[in-house]
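Since the structure comes first, as structure tokens, the remarks are kept for the end.
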Amino acid sequence: MSIKPKLLIVEDEASILRGLTDLFIFHGFEVDSEMDGKQGLETALQGHYHCVILDVMLPSMNGFEICNALRQHSQSQAILMLTAKNSEEDIINGLTLGADDYLAKPFSTSELVLRVKALVRRSGWSPEDSKLTICDQVEICTQSLTGQSFNQTVRYTRREVEILNYLSQQKAPVSRCELLREVWGYKSTDHIDTRTVDIHIAKLRKKIEPDPKSPKYLVTLRGEGYQLFGQAS
């Protein structure tokens, strides 16, 4: 149930890999990982990733070799390399082989996230080009604003897709006022009629719920707000 950029992390230190995986999942990425160089290259070539993070020192095949192979396969693949130390030789080698960016260990996790997000944006990824999956029977193309809902073709408004997109990225309930600020763009909601949110939610439930009167995906949590639950990731 997401519109997420896909990330591959190739890192052989288990504790670092777990930390990075959790970090990027928290920041809204779909994350795959490998601990072996050759397997990392195979996974990178088989999947479509908006960014690949490569450690330099890896078993069976190092990060430079992977970077070189990826760049020969695709000129557009975003690649960030993690070096063990701020070695000028490693940096020059990585950039010469086609890495888009590098970060030396130990690094700031916030800086790493910012660097990866910048690479993903430059790669041309946009939620507008993605598919939003609510459950196995409800899928929406966020570019054409159409989708399949329980074997029926459904059309959505841009605002409806923006609401679903925002809710899909949140792990906690979202209030009406938050939706008005983040989706509608109101700086202040003091004098805004929040029934406009309720009306949009009601229309969405008719499109994505098997029983709009008893919703199980787009749910209202009393006193907290709306939350989107799904069965597919």
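Positions are given from 1 along the sequence.
Proximity of a side-chain donor or acceptor of Ser175 to a complementary backbone N or O of Glu178 within less than 3.5 Å is detected. Checking side-chain atoms of Ser168 against main-chain N and O of Asn165 turns up a donor-acceptor pair under 3.5 Å. Proximity of a side-chain donor or acceptor of Arg71 to a complementary backbone N or O of Ser74 within less than 3.5 Å is detected. Here the side chain of Glu160 pairs a donor or acceptor atom with the backbone of Thr157 at under 3.5 angstrom. Formation of a donor-acceptor pair under 3.5 Å by the Arg176 side chain with backbone atoms of Val197 is not found in this model. No donor-acceptor pair under 3.5 Å is formed between the side chain of Arg115 and the backbone N or O of Leu103. Between the side chain of Glu182 and the main chain of Leu179, no donor-acceptor pair closer than 3.5 Å is present.
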With side chain to side chain contact (heavy atoms under 4.5 Å, CB included) as the test, would you mind laying out the steps for Val174 and Gln227 before giving the verdict?
-> CA-CA 6 Å; Val174 176; Gln227 192 159 7; over 6 Å; no
Leu218 and Leu167: CA distance, side-chain angles, deciding distance, side chain to side chain contact (heavy atoms under 4.5 Å, CB included) verdict = CA-CA 9 Å; Leu218 184 46; Leu167 291 175; 3.5 Å; yes
Stepwise side chain to side chain contact (heavy atoms under 4.5 Å, CB included) test for Lys117 and His27 = CA-CA 10 Å; Lys117 285 184 175 180; His27 282 277; 3.9 Å; yes
Do Glu162 and Trp184 pass the side chain to side chain contact (heavy atoms under 4.5 Å, CB included) test, and can you show the C-alpha distance, the side-chain angles, and the key distance before you say yes or no?
-> CA-CA 9 Å; Glu162 289 172 346; Trp184 272 262; over 6 Å; no
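Rounded to the nearest 0.5 angstrom, Leu119 CG and His50 NE2 are separated by 12.5 Å. In this structure, CG in Leu204 is found 7.5 Å from CD1 in Ile140, a value given to the nearest 0.5 Å. A distance of 6.0 Å separates CG in Leu112 from CG in Leu80, rounded to the nearest 0.5 Å. Between the OH atom of Tyr156 and the SG atom of Cys141 there is a distance of 11.5 Å, given to the nearest 0.5 Å. Interatomic distance, CD of Glu139 versus OG1 of Thr133, reported as 4.0 Å (0.5 Å rounding). Rounding to the nearest 0.5 Å gives a distance of 8.0 Å between SG of Cys135 and CD1 of Ile208.
Residue Lys216 comes nearest to Glu209 through the heavy atom pair N-OE1, 3.0 Å, listed as atom of the first residue, atom of the second, then distance. The two residues Arg159 and Val183 make their nearest non-hydrogen contact at NH1-O, 3.0 Å. Counting all heavy atoms, side chain and backbone alike, Cys67 lies closest to Ala99 at SG-N, 3.5 Å. Residues Pro59 and Asp36 approach most closely at O-OD1, 3.4 Å, considering heavy atoms. Considering every non-hydrogen atom in both Val138 and Ser149, the closest pair reads CG2-OG, 3.8 Å. Scanning all heavy atoms of the two residues, the minimum distance from Ala78 to Asp100 falls at CA-OD2, 3.2 Å.
Applying the ring pair (Phe, Tyr, Trp, His ring centres under 6.0 Å) rule to Tyr166 yields no partners; only residues at least two apart in sequence or on another chain are considered.
With a 4.5 Å cut-off on side-chain heavy atoms, Ile79 and Leu97 do not count as touching. Residues His73 and Gln77 have side chains not in contact (no heavy-atom distance under 4.5 Å, counting atoms from C-beta outward). Looking only at side-chain heavy atoms (C-beta outward), Ile201 and Tyr226 come within less than 4.5 Å of each other. Using a 4.5 Å heavy-atom cutoff, the side chains of Ile53 and Phe24 are in contact. Under the 4.5 Å side-chain criterion, counting only non-hydrogen atoms from C-beta, Tyr49 is in contact with Asp32. A heavy-atom distance below 4.5 Å is found between the side chains of Thr153 and Gln148.
The hydrophobic clustering, which links ILVMFWY residues whose side-chain heavy atoms are closer than 4.5 Å, places Leu70 and Met35 apart. By the rule that hydrophobic residues join a cluster once side-chain heavy atoms approach within less than 4.5 Å of another member, Phe64 and Leu95 end up as members of separate clusters. Ile92 and Val56 fall into different hydrophobic clusters, where Ile, Leu, Val, Met, Phe, Trp and Tyr residues are linked whenever their side-chain heavy atoms come under 4.5 Å apart, directly or through other members. Two different hydrophobic clusters hold Leu58 and Leu82 under the rule that ILVMFWY side chains link at heavy-atom gaps under 4.5 Å. Residues Leu41 and Val31 do not share a hydrophobic cluster, defined by chaining ILVMFWY side chains whose heavy atoms lie under 4.5 Å apart.
For the residue pair Thr220 and Arg205, a side-chain donor N or O sits within less than 3.5 Å of a side-chain acceptor on the partner.
For the pair Lys6 and Phe29, the cation-pi criterion (under 6.0 Å, within 45° of the ring axis) is not fulfilled.
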Under 3.5 Å, sequence neighbours excluded: what are the donor-acceptor pairs made by side chains of residues 7-17?
from: Glu11; atom 1: OE1; to: Lys105; atom 2: NZ; distance (Å): 3.0
from: Glu11; atom 1: OE2; to: Glu13; atom 2: N; distance (Å): 2.9

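More than 12 non-hydrogen atoms from other residues, nucleotides or ligands lie less than 6.0 angstrom from CE of Met61.
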